[in-house]
Q: 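Below you will find the structure I want to go over with you.
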Amino acid sequence: MTLAIDISGITKRYGSITALDDVSFSVEKGELFGLIGPDGAGKSSLYRILATLMSPDGGTATLRGLDVVKDYARVRTLIGYMPERFSLYQDLTVAENLRFFASLFGVSIKENYDIIAPVFAQLEHFPNRKAGALSGGMKQKLALSCALIHRPDILLLDEPTTGVDAVSRSEFWDMLSQLREKGITILVSTSYMDEATRCEKIALINKGKIFGVNTPSGLVAGLDENLYNASSSHMFELLNQLRSLPEVEQCYTFGATLHVVGNKDFNPMHVVEKLRLEGLTDVRIYPAKGDIEDLFIKLTQ
């Protein structure tokens with residue numbers, strides 16, 4: 001196993017607030033690894049440390065064996081970093097932004113065009129359009145192109161699909177899969193739980209702590225036990241009634257239904273009968289298949 005990223009005991013504080021609390025995980029060379037967590041979980045703080053923009057208060061992080069503090073100058077030549085907020089020059093055109101970032105790394109667009117071609121293809125048709133006038137999906141592609149132009153070994157993508165439409169999100173993840181096939185190591189963060197399944201391995205983070213690291217299927221294994229869907233024509237009342245039952249450990253909205261986590265005494269037929277006596281006569285409770293969102297709710301509770 002060759003590690004591209006090795007994070008050990010990273011801690012970061014802002015005054016009395018602990019943004020990262022003893023964070024540890026590793027990413028293998030050529031892996032598409034997801035950092036999954038809600039807003040405020042500490043993802044961006046970790047990315048700034050890995051991108052050598054900020055020093056940790058404790059712990060170490062290495063990229064291809066180079067320490068992000070001691071070897072920051074060499075680390076910067078290895079990485080392509082795409083922050084959460086669009087950070088390119090909005091008053092420069094598409095072509096000007098790309099030329100600028102190529103010049104920063106002393107490369108030419110021509111010699112490295114093959115690496116950005118799958119991403120840049122749609123932008124080729126309007127090279128003179130100002131970056132600030134692009135749609136969210138096109139800004140995303142331009143930012144990724146600029147992060148790739150010097151052929152980095154490691155891509156650090158901080159919530160790249162935030163605020164982007166569903167079609168562009170899907171296209172973006174397809175592009176990441178293609179880049180991974182070229183041997184690029186990708187660490188991508190997201191607050192969209194459904195995107196976790198597109199990663200080979202994921203780490204779940206909340207309030208600065210890592211709650212689990214594994215493959216998506218490995219993390220949700222066994223989660224289906226005592227997990228049920230529940231529905232009724234009176235969903236809000238159903239939610240309150242289920243939460244009041246002693247045999248229900250958790251109940252939360254999940255799309256158009258509720259997800260119910262029962263304890264060892266939970267019996268769907270008996271629960272339906274209890275609810276019928278409370279006036280909810282059309283309740284349906286049936287087994288559910290757990291996913292990353294269910295796991296995250298369980299861990300953060």
Side-chain angles (χ1 to χ4, degrees), residues 1-85 87 143 147 152-162 176 184-193 195-196 199-216 218-219 292 295-301:
M1 179 179 69
T2 303
L3 295 182
I5 302 172
D6 191 16
I7 299 165
S8 179
I10 287 290
T11 299
K12 183 64 185 179
R13 300 181 184 88
Y14 302 106
S16 61
I17 298 173
T18 301
L20 296 169
D21 189 359
D22 195 28
V23 168
S24 299
F25 65 87
S26 59
V27 181
E28 294 182 30
K29 186 179 184 299
E31 194 168 43
L32 175 52
F33 191 105
L35 185 61
I36 314 299
D39 293 340
K43 302 187 296 297
S44 292
S45 292
L46 181 59
Y47 271 83
R48 293 188 187 109
I49 290 170
L50 295 178
T52 75
L53 301 177
M54 184 169 67
S55 297
D57 295 319
T60 60
T62 60
L63 280 69
R64 297 292 301 273
L66 298 173
D67 188 275
V68 296
V69 177
K70 298 175 183 177
D71 307 308
Y72 70 92
R74 293 173 64 191
V75 167
R76 290 176 182 178
T77 66
L78 293 176
I79 64 172
Y81 173 49
M82 186 173 162
E84 179 181 0
R85 292 186 179 181
S87 59
D153 289 344
I154 299 170
L155 261 183
L156 302 175
L157 308 176
D158 187 9
E159 303 212 34
T161 57
T162 298
L176 294 188
I184 297 175
T185 303
I186 303 171
L187 176 63
V188 54
S189 70
T190 180
S191 56
Y192 297 116
M193 299 295 163
E195 293 183 346
C199 302
E200 294 171 88
K201 194 177 289 183
I202 60 175
L204 299 178
I205 186 171
N206 189 44
K207 296 182 180 178
K209 290 181 176 290
I210 297 293
F211 286 87
V213 180
N214 205 333
T215 62
L219 281 172
I292 295 296
L295 175 65
F296 198 85
I297 291 172
K298 178 180 179 180
L299 292 175
T300 55
Q301 290 294 320

Q: Would you confirm whether Ser24, through its side chain, and Gly9, through its main-chain N or O, come within 3.5 Å as a donor-acceptor pair?
A: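 At least one qualifying donor-acceptor pair exists.
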
Q: List the steps, then state whether side chain to side chain contact (heavy atoms under 4.5 Å, CB included) holds for Thr162 with Asp39.
A: CA-CA 11 Å; Thr162 298; Asp39 293 340; 6.0 Å; no

Q: Hey, which of Leu63, Leu50, Thr62 is the one that makes side-chain contact (heavy atoms from CB on, under 4.5 Å) with Val75?
A: Leu63

Q: Between Ser45 and Met54, which heavy-atom pair has the shortest distance, and what is it?
A: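 So the two residues come closest at O-CE, 3.4 Å.
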
Q: Can you list everything that forms a salt bridge (charged side-chain N to carboxylate O under 4.0 Å, His left out) with Glu84? Sequence neighbours excluded, please.
A: none

Q: Do the side chains of Asp57 and Lys12 get nearer than 4.5 Å, heavy atoms only?
A: yes

Q: Measuring only between side-chain heavy atoms, which start at C-beta, is Glu31 closer than 4.5 Å to Ile5?
A: no

Q: Mind checking the OG1-CG spacing from Thr60 to Asp6? Nearest 0.5 Å is all I need.
A: 7.0 Å

Q: Heavy atoms only: give me the nearest Pro38-Ser191 pair and the separation to one decimal.
A: CA-CB, 4.2 Å

Q: Mind running side chain to side chain contact (heavy atoms under 4.5 Å, CB included) on Arg13 and Thr18 for me, showing each step along the way?
A: CA-CA 4 Å; Arg13 300 181 184 88; Thr18 301; 3.9 Å; yes

Q: Should Ile49 and Leu20 count as side-chain neighbours, where that means a heavy-atom distance under 4.5 Å?
A: yes

Q: Looking just at side-chain N and O atoms, do Asp158 and Ser189 make a donor-acceptor pair shorter than 3.5 Å?
A: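 Side chains of Asp158 and Ser189: pair found under 3.5 Å.
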
Q: What's the shortest heavy-atom distance between Thr11 and Asp22, and which atoms?
A: OG1-N, 3.2 Å

Q: Side chain of Lys43, backbone of Val188: donor and acceptor closer than 3.5 Å?
A: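 Absent.
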
Q: State, with a plain yes or no, whether a side-chain heavy atom of Met82 is found less than 4.5 Å away from one of Leu155.
A: no

Q: For Gly208 and Val23, which heavy atoms make the closest approach, and how far apart are they?
A: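 Where Gly208 meets Val23 most closely, the heavy atoms are O-CG2, 3.3 Å.
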
Q: Tell me, please, which residues at least two apart from Phe25 pass ring-ring contact (aromatic ring centres under 6.0 Å, His included).
A: Phe33

Q: Ala196 and Ile292: which non-hydrogen atoms are nearest, and at how many Å?
A: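 Heavy atoms of Ala196 and Ile292 come nearest at CB-CG1, 3.9 Å.
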
Q: To the closest 0.5 Å, what do you measure between CG (Asp21) and NZ (Lys209)?
A: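 The NZ atom of Lys209 is 3.5 Å from CG of Asp21, to the nearest 0.5 Å.
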
Q: Any side-chain heavy atom of Pro56 within less than 4.5 Å of one from Val69?
A: yes

Q: If only atom types and distance count, is the side chain of Asp71 paired as donor or acceptor with the main-chain N or O of Arg74 below 3.5 Å?
A: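 No: the side chain of Asp71 does not pair with the backbone of Arg74.
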
Q: Hey, could you give me the CD1/CG distance between Ile202 and Leu295, rounded to the nearest 0.5 Å?
A: 7.5 Å

Q: Mind checking what makes salt bridge (charged side-chain N to carboxylate O under 4.0 Å, His left out) contact with Arg64, not counting sequence neighbours?
A: Asp153

Q: Got a second to check how far Met193's CE is from Leu204's CG, nearest 0.5 Å?
A: 7.0 Å

Q: Rounded to the nearest 0.5 Å, what separates atom CD in Glu159 from atom CG in Leu35?
A: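 Between Glu159 CD and Leu35 CG, I get 9.0 Å after rounding to 0.5 Å.
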
Q: What I'd like to find out is whether the side chain of Leu46 reaches to under 4.5 Å of the side chain of Ile7, using heavy atoms alone.
A: yes

Q: Side-chain contact test, heavy atoms from C-beta onward, threshold under 4.5 Å: evaluate it for Val27 versus Ile154 and give yes or no.
A: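 Sidechains of Ile154 and Val27: no contact.
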
Q: Quick check: closest heavy atoms across Ala51 and Ile79, and the distance to 0.1 Å?
A: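 Result for this residue pair: CA-CD1, 3.7 Å.
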
Q: Please examine the side chains of Leu187 and Tyr47, heavy atoms only from C-beta on, and report whether any two atoms are closer than 4.5 Å.
A: yes

Q: Could you give the distance from NZ (Lys29) to CG (Leu3), rounded to the nearest 0.5 Å?
A: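 Interatomic distance, Lys29 NZ to Leu3 CG, rounded to 0.5 Å: 12.0 Å.
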
